[in-house]
2 protein chains.
Amino acid sequence: MKVTHQSNLCHSCHLATSCFNISFESPHFSHLSQIIQKSIIVKKNEAVYYQQEKFRGLFTVKQGGVKTYLVSETGQQVVTGFYLPGEILGFDAVYSEHYIANAVSLTSSEICWISFADLLKLASENQTIQRELFKLFSYRLQSNHQKFHLNSEQKVAAFLLDYASRILKQTTSENDFYLLPTQQDIASYLNLTPETVSRTLHRFIDQEIFQSSQAKRIENLNCQKLREILER
Amino acid sequence: MKVTHQSNLCHSCHLATSCFNISFESPHFSHLSQIIQKSIIVKKNEAVYYQQEKFRGLFTVKQGGVKTYLVSETGQQVVTGFYLPGEILGFDAVYSEHYIANAVSLTSSEICWISFADLLKLASENQTIQRELFKLFSYRLQSNHQKFHLNSEQKVAAFLLDYASRILKQTTSENDFYLLPTQQDIASYLNLTPETVSRTLHRFIDQEIFQSSQAKRIENLNCQKLREILER
DNA sequence: CGATCTGTTGAACATAATCAAACTGCGTGG
DNA sequence: CCACGCAGTTTGATTATGTTCAACAGATCG
């Protein structure tokens with residue numbers, strides 16, 4: 001992990017308004033950007049933090065991508081989430097003050113460190129930031145129940161739609177992008193086997209829902225068709 | 001919904017320290033109890049709040065129990081959670097400022113209302129309460145991924161263990177209690193069919209994991225055996 | 001350039017869903 | 001107070017979806 005110091009990390013970041021949903025022009029922005037003063041380069045398969053490690057703050061993805069996964073007592077791994085540029089990870093560690101999952105980089109990534117103590121201090125001094133922070137926590141409480149009661153085809157469709165909408169922050173199109181996680185990661189995340197994910201993706205190609213000229217590449221994704229699959 | 005006013009709702013509540021995990025003796029307790037000044041009686045099947053209704057604060061269960069459920073565009077209902085005495089609901093509405101799910105009483109319940117605006121104000125003035133509140137949000141982020149990758153027997157076992165540990169706050173034993181939700185509710189919550197839940201519970205009785213002298217009654221629950229099922 | 005990780009494909013199998021029918025118990029109204 | 005109706009539960013037979021197992025192909029990386 002290589003540490004980089006920059007006086008104005010957020011001001012030079014094209015995702016500046018994304019992490020906390022506070023605009024560049026807002027008077028609150030400069031307060032927030034002051035507590036984000038350090039970024040680290042995390043290479044592929046290197047950890048941002050480890051399960052059970054003591055909480056030492058939140059992290060936000062500036063470039064690249066991160067997956068979180070749990071390891072049970074029996075040694076089984078379950079992928080619990082993917083984090084793309086502009087997204088914050090570590091919220092779930094606030095309760096126990098230890099990280100709940102392992103966080104590992106899916107590619108070489110640039111990760112910004114956020115002191116939670118500083119953030120709390122800032123929040124107690126600034127009502128807008130406090131409210132925005134509670135909203136960020138609240139936002140994470142929403143999802144999850146959807147992907148639970150879907151069949152395998154719908155799970156993969158929902159995953160692609162979600163991923164496409166999130167990757168949109170950094171690229172210009174939600175129809176052409178690279179998948180950072182492997183099919184195994186996706187399978188674990190959706191509670192499916194890699195075989196089922198592979199077969200489902202190939203069925204989508206057969207149905208012309210997307211093309212793929214190379215591994216992990218999604219081209220010309222037809223989001224409307226995916227939404228129709230979800231409505232069945 | 002019948003509204004009751006009490007000057008010291010929390011001081012007379014045996015769950016006082018449960019909702020916010022702040023002890024009765026703490027100097028912060030009196031601050032918190034000041035913003036909880038009103039409780040309502042919600043009869044069985046009556047709503048505490050409705051999906052999409054504008055956010056008007058958090059609620060905590062003083063007596064009884066509540067279920068939350070989503071209704072999809074296609075009219076399908078999915079139970080997303082159960083709330084027992086001492087537990088707070090409504091956190092997920094903070095983000096969009098609208099309730100995400102319907103919250104309906106499982107039996108005649110007494111529900112305390114918590115002004116979120118007052119709570120935010122209190123949090124910005126009081127570091128301990130602010131931190132405790134963030135912890136409450138964070139706590140809710142943990143679960144969910146477990147029940148996803150279990151088989152039907154393990155899901156029901158995990159549900160019983162969780163329910164037993166939570167009911168323990170109000171009774172003396174985690175081995176004898178009444179289930180507030182119906183088997184249909186439990187099935188929906190676990191993403192199983194009512195048939196599967198019924199068969200699994202009867203298999204547990206056959207295996208002497210618990211007894212049941214009447215409907216919805218769990219007696220002499222063997223938590224150790226349930227944990228063994230989860231470790232398979 | 002071999003070794004290892006990732007993805008593909010097919011066949012057999014298992015788990016839980018589905019469908020159907022009957023039963024129980026609870027609350028309601030006659 | 002009993003009869004009725006209905007929601008919730010039980011039980012069995014059949015079926016479908018996704019898993020498992022196995023073998024191989026392709027990609028990636030030191």
Self-check item: For B/Phe91, all residues meeting ring-ring contact (aromatic ring centres under 6.0 Å, His included), sequence neighbours excluded
Solution: B/Phe137
Practice problem: Pick base, sugar-phosphate or nothing for B/Gln183, based on heavy-atom distances below 4.0 Å to the nucleic acid. | Solution: sugar-phosphate
Quiz item: Going 5' to 3' along DNA chain C, which nucleotides are the first and last within contact of chain A (any atom under 4.0 Å from a heavy atom)?
Solution: C/dT6 to C/dA11
Quiz prompt | First and last nucleotide of DNA chain D, 5' to 3', lying under 4.0 Å from heavy atoms of chain B | solution = D/dG8 to D/dA13
Practice problem: Return the residues of residues 192-204 of chain A meeting this criterion: a heavy atom under 4.0 Å from some atom of DNA chain C. Order them by number, or give none. | Solution: A/Glu195, A/Ser198, A/Arg199, A/His202
Exercise. Mind running side chain to side chain donor-acceptor pair (under 3.5 Å) on A/Glu219 and A/Ser213 for me, showing each step along the way?
Key: CA-CA 8 Å; A/Glu219 287 152 354; A/Ser213 61; 2.6 Å; yes
Self-check item: Under 3.5 Å donor-acceptor, A/Gln154 side chain and A/Asn151 backbone
Solution: yes
Quiz item: Sub-3.5 Å donor-acceptor pair from the side chain of B/Ser212 to the main-chain atoms of B/Arg217, do we have one?
Solution: yes
Quiz prompt | Non-neighbouring partners of A/Tyr49 that pass ring-ring contact (aromatic ring centres under 6.0 Å, His included), sequence neighbours left out | solution = A/Phe59, A/Tyr99
Self-check item: Residues forming a side-chain hydrogen bond (donor to acceptor under 3.5 Å, both in side chains) with B/Ser109, sequence neighbours excluded
Solution: B/Ser105
Exercise. Give A/Asn191 one of three labels, base, sugar-phosphate or nothing, depending on what nucleic acid heavy atoms sit under 4.0 Å from its own.
Key: sugar-phosphate
Practice problem: Compute the angle between the rotation axes at the two ends of the helix from C/dC1-D/dG30 to C/dG30-D/dC1, each taken over five pairs, rounded to 10 degrees. | Solution: 50°
Practice problem: Would you please name every residue forming a side-chain hydrogen bond (donor to acceptor under 3.5 Å, both in side chains) with A/Gln214, sequence neighbours left out? | Solution: A/Tyr178
Quiz prompt | Residues in ring-ring contact (aromatic ring centres under 6.0 Å, His included) contact with A/Tyr95, at least two apart in sequence or another chain | solution = B/Tyr139
Self-check item: Minimum-distance pair of heavy atoms, taken over all atoms of A/Arg166 and A/Leu84
Solution: CB-CD1, 3.8 Å
Quiz item: Taking A/Tyr69 for the side chain and A/Val104 for the main chain, is one N or O donor matched with an acceptor at less than 3.5 Å?
Solution: no
Identify every side-chain donor-acceptor pair in residues 198-211 of chain A under 3.5 Å, counting partners at least two apart or on other chains, and give the distances.
| residue | atom | partner | partner atom | Å |
| --- | --- | --- | --- | --- |
| A/Thr200 | OG1 | A/Thr196 | O | 2.7 |
| A/Arg203 | NH1 | A/Glu153 | OE2 | 3.1 |

Practice problem: Not counting sequence neighbours, which residues clear salt bridge (charged side-chain N to carboxylate O under 4.0 Å, His left out) with A/Glu174? List them please. | Solution: none
Quiz prompt | Sequence-distant partners of A/Asp185, side chain to side chain contact (heavy atoms under 4.5 Å, CB included), two or more places apart | solution = A/Lys67, A/Val79, A/Phe82, A/Leu106, A/Pro181, A/Thr182
